[in-house]
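Sharing a structure here in structure tokens format.
Everything numeric in this text was worked out from a predicted model, so none of it was measured. Every heavy atom of this structure was used, including side-chain atoms; hydrogens, water molecules and symmetry mates were not.
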Amino acid sequence: MTKTPSPFTAAQDAPIVGRNLPRLDATAKVTGRAVYTVDIDRPGMLHAKVLRSPYAHARVLSIDAEAARRLEGVTAVLTRDEIKGLNCYGTYVKDQPIVATDLVRYVGDVVAAVAAIDEHTAFAALDLITVEYERLEAVFDPEAALDPSAPLIFPAEPFAAFPEYGDGASGNARSAHNVSYEFRYQTGPEDAWDECDHIFEDTFAFSRMNHMHLEPFVTVAEATADEIEVWTSTQSPFPMRKELAYVFGLPENRIRVNVPLLGGAFGAKNGPKTETIAIRLSQLSAGRPVRYCMTTEEVFLTLSQHDAVLTVKSGLKADGEFVARQSRVLLNGGAYADASPLVAEKAGYRMPGAYRWKRIDSVCQAVITNTVPAGAFRGFGATQATWASERQVDLIAERLGLDPFDLRLKNMKDLGEDFVPGETPIDSDLKHGLNLVADAIGYRDRNRSGNRGMGVAVGLKDGGGVNKPAQARVKVTTNGDVFLNCALIEMGQGGHSALCQIVAEVLACDPQRVKFARVDTDSSPFDQGTNASSGIAVMGRAVLQAAERVRSAVLDFAAEHLELERESIILANWQVIDSEGNSYDLAPLIMNGFGGTGFEFTGDGFFKARSSRRAPLEAPCIFWEIGWAAAEVAVDPETGKVELLQLVVSGDAGKVVNKLGCRGQDEGAAVFGLAQALFEELRYDDGELLNAEALLYRVPLAEDIPRRFWSITQEQGHGTGPFGAKGMGEGGMLPIAPAIAQAIADATGAQLTSLPMTPQRVYNAIRDAQATKGWG
């Protein structure tokens, strides 16, 4: 083997992780070549449309679909008669049928579906279906739904299963009237309340938002009674496969889930949405492919975020030291459970916030109402918890005559301090982050004249998910071309590119040589799902291990064939470099060793947090995802209009993999928080959504973003992910609304307790504050 001087410098002098590298999918996306599920077109493909209930709560007396079945071009009509023997679906609580059976439970509940040669014919067939209803009393408010006199939305108790929690935590289904799931957490001595000099109790309201992902829910299915294959827009292909196996009673190896690129998700694309209807219609259409793609308006009628009522009681000493906190959260889960049990678990668990308490007593109930089902949404319960937790800190500060910034610093947990017993210690310096954003906008020297004010807030969530095993596989060809195979879903966050950077770093190769393999459940290694900001911290660990094992296998092979000491050689640019700086091309070495066909080196990786009975949620969290924010506003007291002058958000990446990616995650999350704070709200009237279309639903526009809007990406270095990384993507949303609320209070004295903070609400709060202080 000929030795040549090594040209290698990249691995030693310019690390790949941490660079601002372009996204690997950038060219495909900007040129329109990127393939999303909406682009899938199969030979002979049919199109599905659904008939939805006009009533919030009604008994289905009869369905006459014969005229629809006879319409030329219609291949199948799906009603309750065609789903007999099939199971319902849902997380923990299995209560949602493919189509409604005996009852419809909200305006928009699917009653029937049609497959036809085109959408026009499918719509015409829907007009021929006659449904006879008996209207029933409905309930839309979670507090009202708890009353034993309210209508029972599920007279028959659905199947439910839930985890065995660790110390201090518990959960159960049907704990009260119309409650689908209840989570409780308690720790610390009950008599801690006796130490309190002050006890304050406040109630807060959190609004309901739509996910507003650009790509709608969409599935293409080819299915028979024995086999199912789907191309679908889902964040969690393996849980989807498992759920479909349960619904249709098939082995998992008879079901294949393919996932192209996603056009946004934000939590909505977990669990079945379009899949079961498309599959059943394909089965009824002799296995022909069926495409079920919702309109934007239908997406509004399928899933939403949870609105909530949160009551928080906090006890503290005369000097402002926090002692005890009790909270009760009511989540409006809508008509079906979906992911409500998981959101209830997290919302209840995160109510202590970033602060030190001797006693914590939290309960969260997911309540069934006759409204659109609610499920996973960016922030996943932490948004609701942070709004109430941070707002009460501000109210307490006002009552005690303290600066809310100082009160936070006094009670904030330190780096390395336990969140609760048995949980992962806090892995970011919370006080450093709060000082960082406060200094960025000049909080300490703020000008409060002219109805201007500033506010700060911090939010945190246990990141990485619970019981999330992740597997990955890396393989390298004879010529050094690399394939990364794992089931992380790309939905705009840049996860594929970041993971490929990690592989390139380990293998010391150009990132352009690393290809992310297509995701399908037949060939991709297992993953629990792309959620909980787990892509880097969880899947990244599996990818890192797989890449390291491939590198080790290559170096073992090279050391043997070159007769070099294994510890004396390194891998760079698909060459082996010895201790004297000589390089050896691997391709001819591999061809010589394995013959003319060459060879592929492969390595598998796996990661999962170890379970623990001491951990309240079964296993300690992987990392803490933190968001800090500071805001400055100007408020017009005559109209209640809020002008956002400055907004800064910060997250702790631990170690940055891609700087632009981290910035995009934090700033995107901050705009979500801004939307919750000032604009977005799904509005109901007698169970009917009034703004269930894009033109009526107010989201932030470019002109709503303040001129001074920026993010600060911290690298505190305490993450357990690859190279010390932590997950990002949700933390930046958490503190935005409370920071803006405190800025409004700083400017006007008005304390807002309901979202969104519309001009009308701000105006009313200003008048209430003036009346209370005798200013009016």
Side-chain angles (χ1 to χ4, degrees), residues 18 187-188 320-323 325 349-358 360 382 385-386 389-390 393 404-440 443-444 456-464 532-534 536-538 540-541 609-610 612 614-617 619-630 648-657 662 665-666 669 711-732 734-735 738-739:
T187 190
E321 179 186 343
F322 293 170
V323 177
R325 171 166 279 184
Y349 191 57
R350 295 163 177 166
M351 282 304 294
Y355 307 104
R356 190 178 297 112
W357 306 93
K358 292 183 179 180
I360 299 169
T386 302
S389 176
E390 288 294 276
V393 172
F405 177 80
D406 295 333
L407 184 61
R408 283 176 167 83
L409 289 180
K410 178 181 181 67
N411 291 284
M412 196 166 279
K413 287 183 178 291
D414 291 321
L415 175 67
E417 186 174 350
D418 285 347
F419 176 70
V420 295
E423 184 55 274
T424 298
I426 299 298
D427 57 7
S428 292
D429 186 335
L430 299 172
K431 296 175 184 177
H432 171 75
L434 196 67
N435 278 299
L436 194 67
V437 295
D439 292 343
Y443 179 87
R444 291 177 177 84
V456 296
V458 58
L460 87 172
K461 64 185 290 289
D462 45 307
S533 302
S534 63
I536 292 299
V538 179
R541 289 278 293 272
R610 187 183 297 274
S612 168
R614 290 198 63 236
L617 302 186
C621 71
I622 312 300
F623 66 95
W624 288 98
E625 188 171 5
I626 320 293
W628 297 266
V648 58
V649 62
S650 183
D652 175 19
K655 167 64 179 176
V656 166
V657 174
C662 289
Q665 288 296 287
D666 266 344
S711 60
I712 303 171
T713 302
Q714 301 176 53
E715 291 186 87
Q716 294 194 17
H718 307 297
T720 59
F723 314 106
K726 298 169 62 174
M728 301 187 75
E730 298 175 274
L734 308 183

Nearest heavy-atom contact between N411 and G320 is ND2-O, 3.0 Å
For residues V458 and P735, determine if any side-chain heavy atom of one lies less than 4.5 Å from a side-chain heavy atom of the other. no
Residues G459 and T386: closest non-hydrogen pair is CA-CG2, 3.8 Å
Does W628 reach the main-chain N or O of N435 with its side chain, forming a donor-acceptor pair under 3.5 Å? no
Mind listing the closest non-hydrogen atom pair of V437 and A630 along with its distance? O-CB, 3.5 Å
Any donor-acceptor N/O pair, K410 side chain to E321 backbone, under 3.5 Å: no
Contacts of Q716 meeting side-chain hydrogen bond (donor to acceptor under 3.5 Å, both in side chains) (sequence neighbours excluded), chain-then-number -> Q714
Reported CG-to-CH2 distance for the pair L460 and W624, which is rounded to 0.5 angstrom: 5.5 Å
Suppose we screen for side-chain hydrogen bond (donor to acceptor under 3.5 Å, both in side chains). Which residues come up paired with R325, at least two apart in sequence or across chains? S314, S389, Q392
With sequence neighbours excluded, what pairs up with E390 under the side-chain hydrogen bond (donor to acceptor under 3.5 Å, both in side chains) test? Y355, R408
If I take atom CD from residue E730 and atom CD1 from residue I626, how far apart are they, to the nearest 0.5 angstrom? 12.5 Å
Assign the ring pair F419 / Y349 to parallel, tilted or perpendicular, where the plane angle (0 to 90°) is split at 30° and 60°. perpendicular
Heavy-atom donor-acceptor pair, R350 side chain to D462 backbone, under 3.5 Å: yes
Which atom of P616 lies closest to which atom of V420, heavy atoms considered: CG-CG2, 3.9 Å
Is it true that a side-chain atom of W357 and a backbone atom of P352 form a donor plus acceptor pair closer than 3.5 Å? yes
Contacts of type salt bridge (charged side-chain N to carboxylate O under 4.0 Å, His left out), residue E423, not counting sequence neighbours: none
Which pair of non-hydrogen atoms, one from A629 and one from A739, has the smallest distance, and what is that distance? O-CB, 4.0 Å
Before giving the answer on side chain to side chain contact (heavy atoms under 4.5 Å, CB included), spell out for T424 and F623 the whole-Å C-alpha distance, their side-chain angles and the decisive distance to 0.1 Å. CA-CA 7 Å; T424 298; F623 66 95; over 6 Å; no
Min side-chain heavy-atom separation V456-P404 under 4.5 Å: no
Pairwise distance CE(M728) to CG(D652) - rounded to 0.5 angstrom: 7.5 Å
Backbone of A537 reached by a side-chain donor or acceptor of K726 within 3.5 Å: no
L415: partners by side chain to side chain contact (heavy atoms under 4.5 Å, CB included), with sequence neighbours left out: H718
Any donor-acceptor pair under 3.5 Å linking the side chain of T720 with the backbone of I622? yes
Mind checking salt bridge (charged side-chain N to carboxylate O under 4.0 Å, His left out) for D666 and listing every partner two or more places apart, or none if nothing turns up? none
Which pair of non-hydrogen atoms, one from S650 and one from L436, has the smallest distance, and what is that distance? OG-CD2, 4.1 Å
Check: G731 main-chain N/O paired with E625 side-chain donor or acceptor under 3.5 Å: yes
